[in-house]
Amino acid sequence: MKVRFWGVRGSYPVPGPDTNRYGGNTSCVAVRAGDDDDGPFIIIDAGTGIRKLGKEMMQSEFGAGTGQAHLLVSHTHWDHIQGLPFFAPVYQKGNKFFVYARQRDDTHLRAVFASQTDSPYFPVPFENVQADVAFRELVEGARFEIGPVKVSCTRLNHPWIAIAYRLDCDGKSVCYVTDTAPFRDILIEQEYIRQPPKPGDPLSPSDAAKLAAMRDGVVRLCEGADLVIYDTQFTPEEYKVRPHWGHSCPEDAIEIARAAGAKGVVLFHHAPERTDDQIDELLAAHRKTTPDLQLLAAAEGMEITLGPEGKGHEVKTHK
Ligand SMILES: [Zn+2]
Ligand SMILES: [Zn+2]
């Protein structure tokens, strides 16, 4: 199984000299199952990174209108869907896409996506999409199969709820866990929280129970995983100020990965203001204290081939 990063930022794109090495595009990861890249084409999230992925896809069967891909969406905040209107393969007749995201109570998934390109926000309405796009709404704890790939999900602690995915194929597994706050200080659901709790504020028994169940779900999802891609937008100092924004720190990712017995962790959804040099420093500091896990920081162009049992994953970088 190969995992390639096309967008690694949270919140909004940040091109510029300080973000050149890790990249400034928002979340998008492509997964190719099967040893010979012959498995289903799976894309997770459609942040601005998906634009460049789309250009590359157009050089293959997607350019001829015979491609098929599956898009798993963690949630529909801008940084996870904003690249979709610029994703060339959806304007090519004959291509087929399956889009998966959490079922909402109020709006069908298709309408959520279509409204993104409504006038006056975008010149090309969703009806102009030429590819065949099927929407699959997911209920909590859904499990399904994409060819030989088994997909499972669990909910996360994030405003209006995000979902994490795990993909299993040929004895290899990768988890995608973003966006989420840790599961200890605040329960974030479907309303905007204006005032975060103060450090030490007690949780209600019901919130504490919901958070414990959510954490269990995430640990179970990541159990024994080869690779866990995790939201590490914050440093502990930043988290203290904004626990209600729904993001974690590298410490939280490592703690969950250890509890789950995962083998590798990829720091992901980097804060937009984090410079390349700061990410280098964060990664180096955490590698020192985490010799038990293969620790990486997601960068655009990075491709990870999941390694055999007991060996590290192979990492290469596409320019
Ligand atoms: Zn995000
Ligand atoms: Zn979000």
Side-chain angles (χ1 to χ4, degrees), residues 5-15 19 22-30 43-51 53 71-87 99-104 106-107 109 112-113 115-116 138 140 153-165 175-183 185-194 196 211 214 217-218 221 228-235 238-239 241-250 252-253 256 265-274 279 282 297-300:
F5 293 87
W6 293 87
V8 301
R9 291 282 158 184
S11 305
Y12 48 86
V14 278
T19 58
Y22 285 93
N25 282 297
T26 56
S27 305
C28 179
V29 176
I43 303 164
I44 317 180
D45 278 341
T48 59
I50 203 171
R51 184 194 65 83
L53 166 61
L71 172 61
L72 307 177
V73 178
S74 62
H75 63 312
T76 53
H77 286 163
W78 271 353
D79 50 328
H80 301 261
I81 62 162
Q82 208 169 20
L84 206 54
F86 308 97
F87 181 54
V99 180
Y100 307 74
R102 184 179 75 84
Q103 183 175 45
R104 294 175 61 100
D106 51 353
T107 319
L109 198 50
V112 176
F113 278 90
S115 59
Q116 185 183 202
L138 303 175
E140 196 156 337
C153 354
T154 195
R155 74 152 281 190
L156 297 171
N157 196 21
H158 193 69
W160 279 271
I161 304 175
I163 53 178
Y165 293 98
C175 299
Y176 181 86
V177 188
T178 199
D179 299 1
T180 190
F183 311 97
D185 304 311
I186 180 171
L187 175 70
I188 309 166
E189 293 190 293
Q190 297 184 52
E191 63 203 61
Y192 181 67
I193 299 170
R194 283 172 201 283
L211 284 171
M214 215 185 290
V218 174
L221 189 87
V228 176
I229 301 164
Y230 207 101
D231 173 358
T232 55
Q233 174 145 343
F234 285 150
T235 62
E238 291 162 354
Y239 169 75
V241 185
R242 302 193 171 97
H244 55 315
W245 279 20
H247 298 292
S248 294
C249 309
D252 304 307
I256 291 284
V265 171
V266 183
L267 310 182
F268 183 71
H269 204 272
H270 306 309
E273 65 271 24
R274 196 89 62 230
I279 297 175
L282 269 175
E300 277 179 40

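Both backbone and side-chain heavy atoms feed into the values below; hydrogens, waters and symmetry mates do not. One-based numbering, in listed order, for ligands and for the atoms of each.
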TODO: Work out the angle at the Zn ion (ligand 1) between NE2 of H269 and OD2 of D79, rounded to 10°.
DONE: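 Rounding to the nearest 10 degrees gives 90°.
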Q.
To make sure I understand the geometry: which N, O or S atom in D179 is closest to the Zn ion (ligand 2)?
A.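 Looking at D179, the N, O or S atom with the least distance to the Zn ion (ligand 2) is OD2.
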Q | Shortest-distance N/O/S atom, H77 versus the Zn ion (ligand 2) | A |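 The H77 atom nearest to the Zn ion (ligand 2), restricting to N, O or S, is ND1.
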Q.
Would you call the rings of H270 and Y22 parallel, tilted or perpendicular, taking 30° and 60° as the class edges?
A.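 Perpendicular: the ring planes of H270 and Y22 meet at over 60°.
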Side-chain donor-acceptor pair present, D252, Y239, cut-off under 3.5 Å:
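Looking only at side-chain atoms, Y239 and D252 do not form any donor-acceptor pair under 3.5 Å.
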Got an N, O or S from H247 under 2.8 Å of the Zn ion (ligand 1)?
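Checking H247: none of its N, O or S atoms is under 2.8 Å.
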Just checking E140: does its CD atom have more than 12 heavy atoms from other residues, nucleotides or ligands closer to it than 6.0 angstrom?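 Counting other residues, nucleotides and ligands, CD of E140 stays at 12 neighbours or fewer.
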Is any N, O or S atom of H75 under 2.8 Å away from the Zn ion (ligand 2)?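 An N, O or S atom of H75 is closer than 2.8 Å to the Zn ion (ligand 2), so yes.
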Note to self: Using side chain to side chain contact (heavy atoms under 4.5 Å, CB included), reason through R274 and E238 one step at a time and then give a plain yes or no.
What the structure shows: CA-CA 12 Å; R274 196 89 62 230; E238 291 162 354; 2.8 Å; yes
key: Closest non-hydrogen atom pair between I193 and H244, with its separation   =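 What the structure gives for the nearest pair is O-CD2, 3.0 Å.
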